[in-house]
Amino acid sequence: MFAARWTPWLCGVLLAGWAVGVCAATAEVDLTADFTKISLAGHGYFLDDPPGELGFAEVLAAPTQRRFTPLPGALGRGYTTATSWLRVDLVNRTAETQRPMLRLAPQMLDHLDVYVQQAGAPDSAEHYQHYPLGDHTPASVKRQTYPVMGVPVTVPPGQSRRIYLRVQTTSSHLLGVELVAPDLFAREAVISLIWVSSYIALAFGLTLVTFLQAARLRDLTHALYGLLPLGLGLNSIGTEGMTAILLPGTAHWINDGLLGLSGMLSFGGLSLFAMRLFQTARYHPWGHRYLQVITLLAVAAFLASGTAWYGRIVTPLMAMGLLLWVFLTWAGWRMIRRGEKTLGRLFLAAFTLPMLGASVALSRYLGWLPQNEWTQYLMPITSLIHMVLMNLALSERLLEAEAHFREAAQKAALESGYRREQEQLLTMISHEIRTPVAIIDAATLSLQALDPSPVPERAERYERIGRAVNRLGVLLDLTVAQGRANVADWQPERRRIEPADLCAAALELLDPPLAPRIQIAAAEPLPVILGDHRMLRFALLNLLDNACHYSPPGSPVRVTIAAVDEGVVWRVEDEGPGIPPGLEERIFEKYIRISEASGKAGLGLGLYLARQIAQAHGGWLRARPGAAVGACFECWLPATAAAGAPR
């Protein structure tokens with residue numbers, strides 16, 4: 001719908017611009033007494049000089065004169081290394097001497113030589129005044145004192161004068177020529193200088209604001225957009241003759257590099273900005289590759305600045321740039337369709353107007369539209385509107401980001417408060433449970449003392465109560481320690497531990513119905529480890545208990561113990577549902593459980609404490625992703641010689 005609405009308008013503007021400059025070639029230009037401005041489009045004759053070897057005397061020769069052909073409109077050849085000659089005849093049929101100014105644009109042409117007939121026959125080189133112009137001509141050689149390119153012409157009453165123009169450039173091969181009354185020329189030169197200076201100042205000002213916002217937000221997207229106004233400002237300095245004013249002695253050396261740099265910043269920066277803003281790699285893969293090609297071409301064009309390769313590279317870059325703004329406008333429309341209406345509308349408005357201006361400007365550079373005031377200034381005007389709207393859009397994006405940040409901060413503060421309350425509650429409960437646990441332990445010991453020879457059933461009950469009390473005591477110790485400080489900061493009581501003995505100790509605390517499911521395979525010999533027996537026993541017990549409870553009843557739990565990397569690794573594998581992809585690290589966070597719907601009791605502290613214990617001993621605990629069946633946990637602890645060397 002968007003394309004159907006705006007495409008006719010865009011085509012109409014392009015056709016109107018083409019019609020302004022392309023008209024049937026006519027004969028000489030008649031200078032009337034009241035003229036103020038005359039466009040020479042359609043009044044000239046053209047000669048193509050591909051090798052650029054013709055001298056001015058050769059051009060004046062009769063055989064060469066016959067090769068001139070009428071030029072319908074203004075000169076616009078896109079990017080070519082060929083040389084062009086133009087011939088224009090002026091006639092003054094009034095009774096007064098006419099002294100118009102010959103205004104020429106754009107100023108980015110490398111070499112522009114103007115030959116103005118002063119008197120005598122038009123076929124003699126000695127009767128012409130030579131004006132060397134172009135941005136490759138040193139300021140000391142130019143006969144120009146204006147901020148725009150202008151050449152004085154004098155036509156006596158009843159006489160005619162002939163003008164030749166020679167154009168050779170590696171930049172866009174286009175030329176707009178006008179005859180302007182002297183007072184109007186001076187006035188418009190000042191207006192042009194004010195306009196260009198203001199545009200450059202605004203572009204650099206918006207660049208500074210954008211970079212400051214990017215630094216404040218630490219946001220690369222803002223910084224990448226700042227390259228666009230920076231490039232547009234540098235482009236105006238190079239194309240509007242500002243280098244000749246700012247750096248008259250070196251302007252002819254830096255203009256090509258300046259134009260190449262501005263193109264790289266504008267096209268490359270805008271493409272990189274669009275990649276991040278619209279997440280093209282995720283939502284528009286084909287558009288992402290397209291933007292990557294534009295970025296590479298922009299860099300290549302900068303590297304080829306001032307060489308014959310520049311035109312060959314920049315031609316496809318300009319052609320692709322015509323579609324770049326269309327893509328950006330479409331992407332803004334897609335944002336609206338995804339529900340981001342406020343931001344999407346700002347981006348849509350910001351990209352629609354410059355799409356029109358950029359299409360006209362790029363078409364002018366490619367030679368599809370003529371050089372005139374409409375095609376020259378439409379892009380700067382629309383780009384100014386674009387930069388203002390884009391800063392509004394980015395500011396809106398900033399406000400949304402700050403709102404999300406505040407919301408996340410509030411949520412984090414609430415969660416932190418909940419966690420503190422939960423930890424305080426756990427610590428309080430742990431202290432409260434210690435008394436009844438001690439009573440149970442004491443009662444069990446008393447019963448065993450009073451019953452020295454219990455029957456087997458009663459003896460088994462005593463053992464189960466003892467294992468449960470021991471396990472609960474370990475958990476209470478760790479919970480209290482966690483309430484006071486991080487387990488990783490808790491100094492363990494280290495002693496030499498045999499890996500097989502540690503595994504046996506963990507099995508003693510496991511519920512008797514679960515113990516037969518544990519299948520242990522230990523390699524021999526195993527190195528001795530150094531650590532806190534009670535803490536390590538709890539960590540291993542937690543892994544075994546989880547494997548039993550999260551796998552089908554009766555299914556085996558395989559425990560493999562092996563010497564690996566100067567230490568010992570325990571691998572615990574079960575046949576349960578496994579760990580969902582992407583949660584291999586999250587399950588080690590506090591109060592996180594694999595599934596709240598599993599029906600298994602727990603607080604989500606076991607794996608967190610087990611990893612903290614492993615790390616406190618210089619080892620690690622991880623869930624191995626991609627297990628074929630069930631879950632697989634691996635715990636590595638350093639051997640005695642390597643203990644204390646964290647990994």
Side-chain angles (χ1 to χ4, degrees), residues 12-32 34-49 67-80 82-92 98 100-109 112-117 131 133-134 148-153 155 160-169 171-181 184-185 188-189 192 239-241 357 359-379:
V13 170
L14 293 176
L15 289 174
W18 174 81
V20 167
V22 179
C23 53
T26 60
E28 61 222 4
V29 179
D30 195 354
L31 299 176
T32 60
D34 56 349
F35 98 96
T36 55
K37 183 188 298 186
I38 300 175
S39 172
L40 299 189
H43 292 279
Y45 291 82
F46 166 75
L47 172 65
D48 186 16
D49 179 16
R67 290 166 51 192
F68 275 89
T69 58
L71 179 65
L75 177 67
R77 303 184 65 182
Y79 289 87
T80 177
T83 299
S84 299
W85 287 87
L86 297 179
R87 186 186 72 198
V88 179
D89 291 316
L90 309 181
V91 177
N92 180 10
Q98 299 286 353
M101 291 294 297
L102 188 69
R103 184 166 65 187
L104 308 157
Q107 303 203 45
M108 64 183 179
L109 300 171
L112 175 59
D113 295 281
V114 183
Y115 300 87
V116 180
Q117 181 188 359
Y131 295 89
L133 303 174
V148 296
M149 287 196 298
V151 172
V153 179
V155 185
S160 63
R161 290 292 183 264
R162 180 166 290 182
I163 301 173
Y164 287 92
L165 301 102
R166 179 183 181 273
V167 180
Q168 192 281 321
T169 184
S171 59
S172 181
H173 199 106
L174 69 157
L175 180 64
V177 187
E178 291 179 323
L179 287 173
V180 185
L184 179 60
F185 178 86
E188 291 188 347
S192 176
T239 59
E240 299 297 337
S359 299
V360 171
L362 297 180
S363 298
R364 176 171 65 94
Y365 287 140
L366 293 172
W368 301 344
L369 289 178
Q371 166 71 31
N372 55 49
E373 292 181 349
W374 287 101
T375 59
Q376 182 176 357
Y377 291 113
L378 185 60
M379 178 58 186

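- None of L109, L40, L133, V167 except one satisfies the side chain to side chain contact (heavy atoms under 4.5 Å, CB included) rule with L104; the exception is L133.
- In plain terms, the two heavy atoms of R161 and V155 that are nearest each other are CG-CG2, 3.9 Å.
- Ring planes of Y164 and W85: perpendicular class, angle over 60° (limits at 30 and 60°).
- Residue M101 holds its CE atom at 10.5 Å from CG of L179, rounded to the nearest 0.5 Å.
- From Q98, atom CD reaches atom CG of L31 across 5.5 Å, with rounding to the nearest 0.5 Å.
- Residues S160 and E28 have side chains not in contact (no heavy-atom distance under 4.5 Å, counting atoms from C-beta outward).
- Closest heavy-atom contact between A74 and A41: N-CB, 3.8 Å.
- The line from CZ of F185 to CD of E178 is 10.5 Å long, rounded to the nearest 0.5 Å.
- When L90, V88, V153 are each tested for a side chain to side chain contact (heavy atoms under 4.5 Å, CB included) with L102, only one passes: V153.
- Side-chain contact check for Q107 versus V148: some heavy-atom pair is nearer than 4.5 Å.
- In this structure, CE in M149 is found 10.0 Å from CD in E240, a value given to the nearest 0.5 Å.
- With rounding to the nearest 0.5 angstrom, the CG atom of D48 is 9.0 Å from the OG1 atom of T69.
- Taking both residues in full, the closest heavy atoms of F35 and P100 are given as CZ-CB, 3.4 Å, listed atom of the first, atom of the second, then distance.
- One finds no salt bridge joining D49 and R166 here, because no Lys/Arg side-chain nitrogen approaches an Asp/Glu carboxylate oxygen to under 4.0 Å.
- When L71, V114, I163 are each tested for a side chain to side chain contact (heavy atoms under 4.5 Å, CB included) with L86, only one passes: L71.
- Looking at every heavy atom in both residues, R77 comes nearest to S84 through NH1-OG, 2.7 Å.
- The shortest side-chain heavy-atom distance between F46 and P70 does not fall under the 4.5 Å cut-off.
- Residue M108 comes nearest to S172 through the heavy atom pair CE-CB, 3.8 Å, listed as atom of the first residue, atom of the second, then distance.
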